[in-house]
Protein chains: 2
Amino acid sequence: MKIVLLGSGNVATHLAKALKAKGEDVVQVYSPNLVNAKLLADSITAEAINDLNAVKTDADLYIISVKDDAIESIAAGLKAVSGLVVHTSGTTDIKVLSNQVKHAGVFYPLQTFSKTKEVSFDRIPLCIEATDAAQLDILHKLASKLSQLVYELGGDKRKVLHLAAVFACNFPNHLYALANRVLQQNDLDFEIIRPLIAETADKVMTNLPENVQTGPAVRADETIINKHLSMLNDMPGLQEIYQTLSNSIKLMPK
Amino acid sequence: MKIVLLGSGNVATHLAKALKAKGEDVVQVYSPNLVNAKLLADSITAEAINDLNAVKTDADLYIISVKDDAIESIAAGLKAVSGLVVHTSGTTDIKVLSNQVKHAGVFYPLQTFSKTKEVSFDRIPLCIEATDAAQLDILHKLASKLSQLVYELGGDKRKVLHLAAVFACNFPNHLYALANRVLQQNDLDFEIIRPLIAETADKVMTNLPENVQTGPAVRADETIINKHLSMLNDMPGLQEIYQTLSNSIKLMPK
C-alpha cells in the first residue's frame, strides 16, 4: 500500500517503522515542523513535507497521528484525496474525519510508545473502525499484517478502552515514579524495586487483578497504613494518593 | 540448616518451598490453625504443630512469617531457643524480636506472593538485617543460596522500601482492577489490555518511570481529561482517583 503519514511523534514513529518493516510503501511524512518530518522520513526513506498542499493525492491510505485537537485541521487539508483517511486516536470520534473526507477510519494501537524503547508490533492490540465495510476490510488486512491482535471496535468502546488504558498504564507508571521519589529521598536505588514491578504486571497476565491484590489496604492493616501515612507527612501529595487508593482498595468487593 | 517456620500464609508457603528446593531442612511448620500448618508441612515433609511449646529448641533458624501484629506474641514463645530468630516483615522493627530472643534478624523478601502463581526466588530482592555480624553472615549465606539479589539493609531503609512497594505494586494492581471494572461495564474483556500492562512495566526495567510517562495528564490535554472525567460521572470513586492522579502527574518536574 502507498501510505502518507501525517505526524512525527511517538506513535507515528513506531508505526512508520513497523509499516516499513512489513514492506508497506510510506511515501511521505508530514509535520508542520520540517526538521521533525525529515528526521522520521529519512529513517524510512520517505519524502518529508511541511505543507498540506504538497500531500500526494493518489495514496491508498493517509494516517493522521497527531495530538487529538490537531486532527480536524489536518483532515480539512485532505479533502481532495480519495484514499482512506484514518487517525490513531483512542478518543477522537470518527466523524471528525468523515465530515471532511470521502473514506474515514480509525487505526488505534492500544500501547504506550516512548522514543527510547523499541516495541514489537505483533503483540499490540490494534483497534480499527471504518465508515464502510470495504474500507474496514482494507484496514483489517493491513492491521493483521502488523499484529496478531486486531479488534474491530466502535467509537464508544474505543473511548472506554482509552479510559481504561489511563488506569492500566499512565497511572501505574506515575505510581512507579512516586515510588522512585520515596526511594531517592532515602538513597535507595530504583533498581531494587524493579523485580517487584515486573512480577506485579506478570501476575495479571494469567489472573484478574482483583483476585491477586496484596498489601496493607486489602488486609485492612490499619497499623501499617497509619505508619505509612506518617512517613509521608512531608509529602502531602503522596499522602493524599496513599489515602485515596487505600480507601478504594478497602471498598473493593472481596 | 535446620529451620522452623512459624506461619503458613503466602510468604511462608513460597519461602518454605524455595528453602526445601535448595536442600534446607525445614523440620516444623507452626500455625495456630493445625489444618493450615499440616497443609504446608505435608508439602515439604515437615512436622505440623499448633502449639508454640512443641517448637524444637535446637534448630539453627526460626522464621516468623505472620501478620505484623502477631510477630511479637510468637517471638515471646521462642525465648528458650538459642538459634537465630527472624521475621519476614517489611515494616516491623527488629527490636520486636531482639527484646525477647537471643539472636534476632530480618529476612524480608521484596515481592508480591499469591497462592495461584509460582515465583522464582532467584530474582527476588532479599533484604536482611541482624543484631550481630556473625548472624548477619549466616543470613547472608542462606539468602545468597536463594537469590542473586541480597541487600543488607537497616530497619529504616527497609521500612522505606516497604512503603515504596505499596506505590509500585499494591496500588498499580488496584488500578489494573479499576481498569477492569471500566472494561467489564462496557462488555470489554481484560485480555485486550494485558499487552499494555506488560509493556508499561517492561519500559521501566531499563528506563526511569518519570522519563517515560505518557497519557493525557503529562501532555496537559484538558479536553481528553474532561471527557474521561465525564465518562466516570456514575463512578465517583474512580473519578476522584482519576482527578487526584492526573493532578499529581501534572505537578511532576519535567
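Throughout, protein chains are lettered first and strands after them, A, B, ... in sequence-line order, and every chain is numbered starting at 1.
Judged by distance alone, the side chain of A:Ser246 and the main-chain N or O of A:Gln243 form no donor-acceptor pair under 3.5 Å. With B:Arg194 contributing its side chain and A:Val204 its backbone, the two residues share a donor-acceptor pair below 3.5 Å. The closest donor-acceptor contact from the side chain of A:His87 to the backbone of A:Thr92 lies under 3.5 Å. Formation of a donor-acceptor pair under 3.5 Å by the A:Ser144 side chain with backbone atoms of A:His140 is found in this model. Put simply, the side chain of A:Asp221 never gets that close to the backbone of A:Ala217: no donor and acceptor are under 3.5 Å apart.
Residues B:Tyr242 and A:Phe171 bring their aromatic ring centres within 6.0 Å. Centroid-to-centroid, the aromatic rings of A:Phe121 and A:His14 stay 6.0 Å apart or farther.
A:Tyr151 touches chain B through its side chain: at least one heavy atom from C-beta onward sits under 4.5 Å away, while N, CA, C and O do not. Heavy atoms closer than 4.5 Å to chain A are found nowhere in B:Pro109, neither backbone nor side chain. Only the side chain of B:Val166 comes within less than 4.5 Å of a heavy atom of chain A; its backbone N, CA, C and O stay farther away. Residue contact with chain B, scored on non-hydrogen atoms closer than 4.5 Å, involves the backbone and the side chain of A:Asp187 alike. Both the backbone and the side chain of A:Ile192 come within less than 4.5 Å of a heavy atom of chain B. Contacts of A:Lys117 with chain B are made by side-chain atoms alone, with heavy-atom separations under 4.5 Å and no backbone atom involved. Proximity to chain B is limited to the side chain of A:Lys227, based on heavy atoms less than 4.5 angstrom apart. At a 4.5 Å heavy-atom cutoff, the contact between B:Asn180 and chain A is made by side-chain atoms alone. In this structure, chain A has a heavy atom under 4.5 Å from the side chain of B:Gln184, while its backbone stays farther away. Neither the backbone nor the side chain of B:Thr223 has a heavy atom closer than 4.5 Å to any heavy atom of chain A. Proximity to chain B (any heavy atom under 4.5 Å) is restricted, for A:Phe190, to the side chain, taken from C-beta onward. If you measure heavy-atom distances from B:Asn211 to chain A, you find no contacts under 4.5 Å at all. Both the backbone and the side chain of A:Thr214 come within less than 4.5 Å of a heavy atom in chain B. Of the two parts of B:Phe113, only the backbone, made up of N, CA, C and O, holds a non-hydrogen atom closer than 4.5 Å to a non-hydrogen atom of chain A.
For chain B, the option among A:Thr91, A:Thr200, A:Leu110 with the highest count of heavy-atom pairs below 4.5 Å is A:Thr200. Comparing A:Asn10, A:Ile193, A:Leu232 by how many heavy-atom pairs each has under 4.5 Å with chain B, the most go to A:Ile193. Ranked by non-hydrogen atom pairs under 4.5 Å with chain A, the options B:Val182, B:Asp68, B:Val160 are led by B:Val160. With chain A as partner, the option from B:Ala198, B:Cys127, B:Ala179 having the largest number of non-hydrogen pairs under 4.5 angstrom is B:Ala179. When A:Leu183, A:Ile224, A:Val218, A:Thr206 are compared by the number of non-hydrogen pairs under 4.5 Å with chain B, A:Ile224 comes out ahead. Highest contact tally toward chain A, considering only B:Asn207, B:Leu251, B:Ile124, is held by B:Asn207 [criterion: heavy-atom pairs under 4.5 Å]. In terms of heavy-atom pairs under 4.5 Å with chain B, the best-connected choice from A:Arg181, A:His162, A:Met205, A:Met252 is A:Met205. Interface check for chain A: of the options B:Ile197, B:Val119, B:Asn247, the most heavy-atom pairs under 4.5 Å are formed by B:Ile197. The candidate with the highest count of non-hydrogen atom pairs below 4.5 Å against chain B, out of A:Asp156, A:Leu188, A:Leu153, is A:Leu188. Interface summary for chain B: among A:Asp69, A:Leu208, A:Leu149, the most heavy-atom pairs under 4.5 angstrom belong to A:Leu208.
Nearest heavy atom pair, residue B:Ile225 against residue B:Pro216, reads CG1-CB, 4.0 Å. Annotation for A:Phe107 and A:Ala143: closest pair CE1-CB, 3.9 Å, computed over non-hydrogen atoms.
The one candidate from A:Glu210, A:Gln213, A:Lys203 that meets the side-chain hydrogen bond (donor to acceptor under 3.5 Å, both in side chains) condition with B:Asn173 is A:Gln213. With A:Asp122 as the fixed residue, the side-chain hydrogen bond (donor to acceptor under 3.5 Å, both in side chains) test singles out one of A:Gln148, A:Lys22, A:Lys145: A:Gln148.
Taking a cutoff of 4.0 Å between a charged side-chain nitrogen and a carboxylate oxygen, B:Glu72 and B:Lys95 do not qualify as a salt bridge.
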Q: Evaluate the side chain to side chain donor-acceptor pair (under 3.5 Å) criterion for residues A:Ser43 and A:Lys17: first the C-alpha distance (whole Å), next the side-chain angles of each, then the deciding distance (0.1 Å), finally the verdict.
A: CA-CA 8 Å; A:Ser43 76; A:Lys17 289 178 181 170; 4.8 Å; no
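The number of heavy-atom neighbours closer than 6.0 Å to NZ of A:Lys67, taken from other residues, nucleotides and ligands shown, is 12 or below.
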